[in-house]
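In this text, all values refer to a predicted model and were calculated from it rather than measured experimentally. All residue numbers refer to positions in the sequence shown, counting from 1.
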Amino acid sequence: MGAKLKTTPTTTTVSAFLASIADSDRRRECRTLLALMRRATGKSPVMWAGGIVGFGSYHYRYASGREGDWFLTGFAPRKRDLTIYVMAGFGRYEALMKQLGPHTTGVSCLYVKRLADIDLAVLEELVGASAQHVQRTYG
């Protein structure tokens, strides 16, 4: 079936991970994201390998036969940006993306420099809608 995924849940606690973030502003932003994603998903956070705080999970199976487990949404404090994982992608959320504030995106990664620069209510709506879509799609 191919290589085993390296990004899997870990035994590290979210509180220990957040406490290990040296930059106090980034640590505060991560705590804000933690609360926002809990509200948006109704799920508890779990640490995943690679320094990702994930919420919920789902099992996917592609037509190619590749399958695995992944989080519904999550975030990772990176050196340059906060990475926010919007697993449904961004195509169906154009209106929200226009209201969000300064950001860049990858396929399902939203990159923001600072939370203060974006509209957190819009982010919460985006995260909640994406998580609901993924749950409906994958069960």
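Considering all non-hydrogen atoms of both residues, P102 and I118 come closest at O-CG2, 3.5 Å. Nearest heavy atoms, R27 versus A22: NH1-O, 3.5 Å. The heavy-atom pair separating G54 from F71 by the smallest distance is CA-CB, 3.9 Å. Shown here for M97 and L110, the closest heavy-atom pair between the two residues is CE-CD1, 3.9 Å. Contact detail for G51 and P77: the closest heavy-atom pair is O-CD, 3.9 Å. What you find for Y111 and G106 is that their closest heavy atoms are CE1-N, 3.8 Å.
Taking the six-membered ring wherever Trp is involved, the centroid distance between the rings of W70 and Y60 does not fall below 6.0 Å. Checked against the 6.0 Å centroid threshold, F75 and Y85 do not count as a close aromatic pair.
You'll find the side chain of V86 stays beyond 4.5 Å of the side chain of C109, heavy atoms only. Contact check for R66 versus R61: no side-chain heavy atoms found under the 4.5 Å cut-off. Side-chain contact between Y58 and M87 is present, with heavy atoms from C-beta onward closer than 4.5 Å. In this structure, T83 and I52 have side chains that are not in contact, with every pair of non-hydrogen atoms separated by 4.5 Å or more. At least one side-chain heavy atom of M37 sits under 4.5 Å from a side-chain heavy atom of I84. Between W48 and P9 there is a side-chain heavy-atom pair separated by less than 4.5 Å.
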Q: Run the numbers on V46 and V53 for side chain to side chain contact (heavy atoms under 4.5 Å, CB included), then give the verdict.
A: CA-CA 6 Å; V46 172; V53 179; over 6 Å; no
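In terms of the side chain to side chain contact (heavy atoms under 4.5 Å, CB included) criterion, residue partners of E29 (sequence neighbours excluded) are, by chain and number, R26, L82, R114, L115. Remark: V122 engages L96, Q99, L100, D119 in a side chain to side chain contact (heavy atoms under 4.5 Å, CB included) (not counting sequence neighbours).
Under a 3.5 Å cut-off, the side chain of S130 and the backbone N or O of V127 do not form any donor-acceptor pair. Judged purely by atom type and a 3.5 angstrom limit, D23 uses its side chain to pair as donor or acceptor with the backbone of D25.
The distance from atom CE of M47 to atom OG1 of T8, rounded to the nearest 0.5 Å, is 11.0 Å. Atoms CG and CZ, on L36 and R31 in that order, are 16.0 Å from each other to the nearest 0.5 Å. Between T105 atom OG1 and F90 atom CZ the span is 5.5 Å, to the nearest 0.5 Å.
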List the atom pairs, with distances to 0.1 Å, where a side-chain N or O of residues 132-139 and a protein N or O form a donor-acceptor pair under 3.5 Å, not counting sequence neighbours.
unit_1: H133; atom_1: NE2; unit_2: R92; atom_2: NH1; d: 3.4
unit_1: H133; atom_1: NE2; unit_2: R92; atom_2: NH2; d: 3.4
unit_1: H133; atom_1: NE2; unit_2: T137; atom_2: OG1; d: 3.4
unit_1: T137; atom_1: OG1; unit_2: H133; atom_2: O; d: 2.8

